Amino acid sequence: MTRRILVTSALPYANGHLHIGHLVEYLQTDIWVRFQKMRGERCIYVCADDTHGTSIMIRARQEGRSEQELIDDMSRAHQQDFAEFGIEFDNFGSTNSESNRKLCGEVWSALRQAGLVEERSVTQLFDAKEGVFLADRFVVGTCPKCESKEQYGDHCEKCLSTYSPMDLKDPVSTLSGTKPEVRSAPHLFVKIESLHSFLDEWTSTGDHLQPEMANYLKGHFLSDELRDWDISRPAPYFGFEIPDAPGNYWYVWFDAPIGYVASTQDWCDAQGEKLDDWWRSEDTEIFHFIGKDILYFHALFWPSMLKTAGFSLPRRVQVHGFLTVDGEKMSKSRGTFIMARTYLDHLDPAYLRYYYASRLGPKVVDIDLDLEDFQNKINSDLVGKVVNIASRSAKFVQRGHLSETYPDDGGLFQAGAEAGNEIAKAYDDCDYAKAMRLVMGLADRANGYVDEKKPWTLKKDPEKAGEVRDMCSVALNLYRQIVVYLTPVLPELSNDSANLLGASFDAWQDAGTPLVGTAVNEFKHLMKRVDPKKVQAILENSKTAAEDVADHQAVGKPTEDDGGPLEAEPLAAECTIDDFTKVDLRVARVVSAEHVPKANKLLQLRVSLGGGVERTVFAGIKKAYEPEALVGRLVVVVANLRAREMKFGTSEGMVTAAGPGGAEVFLLSPDSGAKPGQRVH
RNA sequence: GGGCCUGUAGCUCAAUCGGUCAGAGCACCCGGCUCAUAACCGGGCUGUUGCUGGUUCGAACCCAGCCGGGCCUACCA
């Protein structure tokens with residue numbers, strides 16, 4: 001029986017462009033959807049831009065244009081990137097749509113009727129100049145516990161304590177640089193505790209979640225009373241105004257998942273389908289693909305909302321890990337913060353599709369893009385093995401025909417057809433790595449076959465032309481079988497190969513029956529080897545592109561340094577040259593650097609000032625730098641700073657760096673030629 | 001501090017719910033071949049399956065402890 005399946009990926013936020021980390025999810029989903037469609041299932045893939053929230057409002061304001069313009073531009077850019085990566089949605093909508101507003105209203109009414117909504121006053125910091133309430137990340141001040149300066153609204157990165165933004169000393173809004181005031185406003189809360197037992201049940205049964213995720217929820221949230229969910233935001237806010245609470249807006253995380261339904265609605269309207277067949281039907285399976293960071297919303301709030309509003313619950317929420325590049329978090333300074341666009345400018349999307357597929361399994365683990373491995377894998381698997389089968393056999397029969405009956409191949413084709421079941425199961429289980437392994441095994445056997453038959457020898461004997469043709473018919477059929485199995489991952493290769501053989505490659509069952517008698521067209525290269533120079537170029541371009549594009553800057557605007565940093569940290573009071581010279585800044589060389597056990601942010605550095613003078617310095621740069629990358633480089637240290645006792649030892653100085661903290665830390669270094677021990681004047 | 005995950009050949013990973021495997025691919029070495037995008041075929045190489053104990057007739061797979069790595073949390077997620 002044909003399954004009916006509705007698939008979603010998380011909605012990309014309209015605040016920034018896509019990078020290769022985002023693509024893990026969209027490619028994972030796209031491959032799965034293509035697979036289901038090939039199998040003949042009724043499957044649609046819907047998504048949308050996530051457009052609401054304070055961040056969008058503020059960014060639009062900074063860019064001096066309307067939110068609508070901003071999100072329209074971003075939506076176009078997102079869809080362009082998706083299309084070029086071969087990610088095919090049946091519908092790509094927007095959360096800022098009428099269909100979404102209407103559906104939000106429906107869900108809302110249901111929540112109201114169920115008696116789950118409650119009003120309560122919330123006290124928050126308010127930026128009077130900008131006229132907005134400030135989320136924690138928009139406030140900095142002095143930590144009330146340890147007096148560290150420039151800490152964010154809700155926690156101190158120095159002493160690790162947490163607190164309310166209201167307790168912050170000398171708070172400053174990062175938006176306007178002014179001192180925020182304390183204001184209260186009514187907020188609406190959803191009491192989801194009443195759905196606790198439902199959520200216990202739903203999360204732990206029915207294979208709705210990967211076991212580790214179910215386990216995580218059980219230990220973290222479901223073990224206690226569920227806190228009420230603050231679901232409204234007072235004006236000004238970019239979003240939908242709540243009909244029965246004028247002046248208040250639905251929090252972006254309320255309307256975002258409803259965007260899945262709205263996007264489906266838009267698709268239904270265009271196709272003449274009924275929404276209820278997809279969202280209120282026992283016969284439809286709903287699959288959400290998400291990253292591990294948003295599990296909370298999809299596995300607790302979302303099912304609660306759906307249940308209350310009478311929609312179907314997801315059949316499964318499939319969670320994936322994050323992407324690292326060369327074993328580390330994507331980093332702008334290393335050039336590994338690669339935007340989708342930058343990749344597309346240099347390399348074939350098929351490479352990344354295959355590489356991700358070869359590393360994606362069903363478990364929630366981070367996957368690594370190892371650039372050397374990437375090149376090896378593409379070159380040897382796709383070019384050396386798969387495409388090679390066609391490359392080495394098609395030429396013997398091109399502009400001719402395949403044999404009229406399928407020759408004896410010693411059971412190779414049949415074995416490949418049987419392997420299809422196992423491969424299909426691997427796809428269906430989201431274990432693409434396994435599927436790729438199995439397919440490559442088939443490719444190895446096909447190459448072995450060609451080698452054994454030696455068409456280049458047979459060819460020399462005119463009487464053996466029939467044998468050559470039979471042998472190539474086998475090889476090309478094995479090739480076709482393999483490419484059919486790879487079609488979800490490599491649709492373009494599949495198309496090109498179909499042209500070569502003048503046959504369909506887009507149904508899974510095509511792998512079960514050999515082609516006979518069809519014409520073979522002229523052979524053209526189906527895929528190129530990876531050019532290492534292009535990979536280097538991506539890294540180079542990403543170093544600069546990341547600064548221009550990835551930051552909350554410029555949608556198609558020229559680079560312009562924004563005022564954010566200066567506003568976040570206004571200039572200090574005037575000082576004299578004498579004040580300045582009290583601080584002795586010196587060039588130093590890092591001689592060793594290592595992780596500090598149990599420290600979240602610190603690295604322990606040993607720096608040399610030359611002449612055998614060394615200092616031990618603890619620096620809060622762990623999230624931004626790997627120790628190995630630091631050894632040998634020159635830095636600038638405050639050399640006459642009083643030694644400070646820290647939890648992990650004594651720090652005899654300070655390494656200078658810029659940036660707000662966390663992963664956004666940028667060490668200062670002198671231009672080449674400077675020597676350790678030299679003073680900075 | 002709490003929680004989750006993880007530690008298998010140089011690298012990336014496999015080993016059906018403890019009973020032939022200690023394996024595959026890449027890399028490397030040797031040989032072969034020349035149809036193919038320096039591709040392909042054959043062969044070889046490295047492992048005390050993190051360490052230490054325990055359970056068992058038997059453990060890479062179970063339990064405990066230790067060491068190492070990663071991730072998530074720490075009261076409006």
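Letters A, B, ... mirror the listed sequences (proteins, then strands); counts begin at 1. This is a predicted model, so every value here is computed, not measured.
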Between P of B:rU12 and CG of A:Leu371, the distance in whole Å: 14 Å

Rounded C1' spacing from B:rC66 to B:rC21 in Å: 30 Å

Main-chain N/O of A:Pro362 paired with A:Gln210 side-chain donor or acceptor, under 3.5 Å: yes

Sugar-phosphate, base or nothing in reach of A:Met440, heavy atoms under 4.0 Å: nothing

A:His187 ring center within less than 6.0 Å of A:Phe133 ring center: no

Contacts of type salt bridge (Lys or Arg N to Asp or Glu O under 4.0 Å), residue A:Lys292, not counting sequence neighbours: A:Asp366

Intra- and inter-strand pairs of RNA chain B in dot-bracket (Watson-Crick or G-U wobble, both distances under 3.5 Å; | for another strand): (((((((..((((.....[...)))).(((((.......))))).....(((((..]....))))))))))))....

Protein-nucleotide distance (A:Lys292, atom NZ; B:rC4, atom P), rounded to Å: 16 Å

Sugar-phosphate only, base, or nothing, as touched by A:Lys434 at under 4.0 Å among non-hydrogen atoms: nothing

Non-neighbouring partners of A:Asp428 that pass salt bridge (Lys or Arg N to Asp or Glu O under 4.0 Å), sequence neighbours left out: A:Arg3

Touch class at under 4.0 angstrom, heavy-atom based, for A:Arg529 against every strand present: base

Nearest-angstrom distance from the residue atom CG of A:Asp366 to P of B:rC71: 7 Å

Nearest heavy atoms of A:Gln28 and A:Gly361, plus distance in Å: NE2-O, 4.4 Å

Nucleotide B:rU12, atom P - distance to CG of A:Asp326 in whole Å: 11 Å

5'-most by nearest nucleotide on RNA chain B - A:Thr123 or A:Arg445: A:Arg445

Check: A:Tyr260 main-chain N/O paired with A:Thr8 side-chain donor or acceptor under 3.5 Å: no

Rounded interatomic separation in angstrom, taking CG from A:Asp451 and P from B:rC33: 11 Å

Donor-acceptor side-chain pairing of A:Asp381 and A:Tyr354 below 3.5 angstrom: yes

Output field: ring centroids A:His320/A:Phe289 closer than 6.0 Å: no

Spacing between A:Glu452 atom CD and B:rU34 atom P, to the nearest angstrom: 16 Å

Spacing of the C1' atoms in B:rG32 and B:rA39 (rounded, Å): 15 Å

Rounded P spacing from B:rC40 to B:rG25 in Å: 12 Å

At a cut-off of 3.5 Å, list every protein nitrogen or oxygen paired with a nitrogen or oxygen from nucleotides 60-64 of chain B, distance to 0.1 Å.
none

Check: A:Arg316 side chain, A:Asp207 main-chain N or O, donor-acceptor pair, under 3.5 Å: yes

B:rA39 OP1/OP2 closer than 4.0 Å to side-chain N/O of A:Arg392: no

Pairwise P distance, B:rU8 and B:rG70 [rounded to whole Å]: 14 Å

Closest listed nucleotide, where the reference is the side chain of A:Val122 and the choices are B:rU37, B:rC76, B:rC71: B:rC76

Whole-Å C1' distance, B:rA64 and B:rG23: 30 Å

All salt bridge (Lys or Arg N to Asp or Glu O under 4.0 Å) counterparts of A:Asp429, not counting sequence neighbours: A:Lys425

Results of side chain to side chain contact (heavy atoms under 4.5 Å, CB included) for A:Ala214 - residues two or more places apart only: A:Leu209

Length of the CZ-C1' vector between A:Arg359 and B:rC11, whole Å: 10 Å

Pairs under 3.5 angstrom only: tabulate donor-acceptor contacts from the side chains of residues 454-463 of chain A to other protein residues two or more places apart or in another chain.
{"unit_1": "A:Lys454", "atom_1": "NZ", "unit_2": "A:Asp451", "atom_2": "O", "d": "3.1"}
{"unit_1": "A:Asp461", "atom_1": "OD1", "unit_2": "A:Glu463", "atom_2": "N", "d": "3.0"}

Distances under 3.5 Å only, N/O to N/O: pair up the protein atoms with those of nucleotides 23-30 of chain B.
{"unit_1": "B:rG25", "atom_1": "O3'", "unit_2": "A:Lys385", "atom_2": "NZ", "d": "3.3"}
{"unit_1": "B:rC26", "atom_1": "O2'", "unit_2": "A:Asn376", "atom_2": "ND2", "d": "3.4"}

Sugar-phosphate only, base, or nothing, as touched by A:Leu526 at under 4.0 Å among non-hydrogen atoms: base

Of residues 453-473 of chain A, the positions that come close to RNA chain B - non-hydrogen atoms, cut-off under 4.0 Å: A:Trp456

A:Tyr237 and A:Tyr249 aromatic ring geometry - parallel, tilted or perpendicular at 30°/60° bounds: tilted

A:Phe297 and A:Trp253 aromatic ring geometry - parallel, tilted or perpendicular at 30°/60° bounds: parallel

A:Lys434, NZ atom: more than 12 neighbouring heavy atoms under 6.0 Å: no

When the side chains of residues 492-501 of chain A are checked against the rest of the protein, which donor-acceptor pairs come out under 3.5 Å, sequence neighbours left out?
{"unit_1": "A:Ser494", "atom_1": "OG", "unit_2": "A:Thr487", "atom_2": "OG1", "d": "2.9"}
{"unit_1": "A:Ser497", "atom_1": "OG", "unit_2": "A:Tyr479", "atom_2": "OH", "d": "2.8"}
{"unit_1": "A:Ser497", "atom_1": "OG", "unit_2": "A:Leu493", "atom_2": "O", "d": "2.7"}

Minimum-distance nucleotide to A:Asn388 side chain [options: B:rC13, B:rC40, B:rC76]: B:rC40

Whole angstrom value for the distance that separates C1' of B:rC76 from CZ of A:Arg227: 7 Å

Partners meeting salt bridge (Lys or Arg N to Asp or Glu O under 4.0 Å) with A:Glu522 (sequence neighbours left out): A:Arg399

Earlier contact from the 5' end, RNA chain B, for A:Asp368 and A:Trp229: A:Asp368

For the student: nearest non-hydrogen atoms of A:Pro314 and A:Val317, plus distance: CB-CG2, 4.2 Å

Grab the N/O contacts between the protein and nucleotides 5-9 of chain B below 3.5 Å, and write none if there aren't any.
none

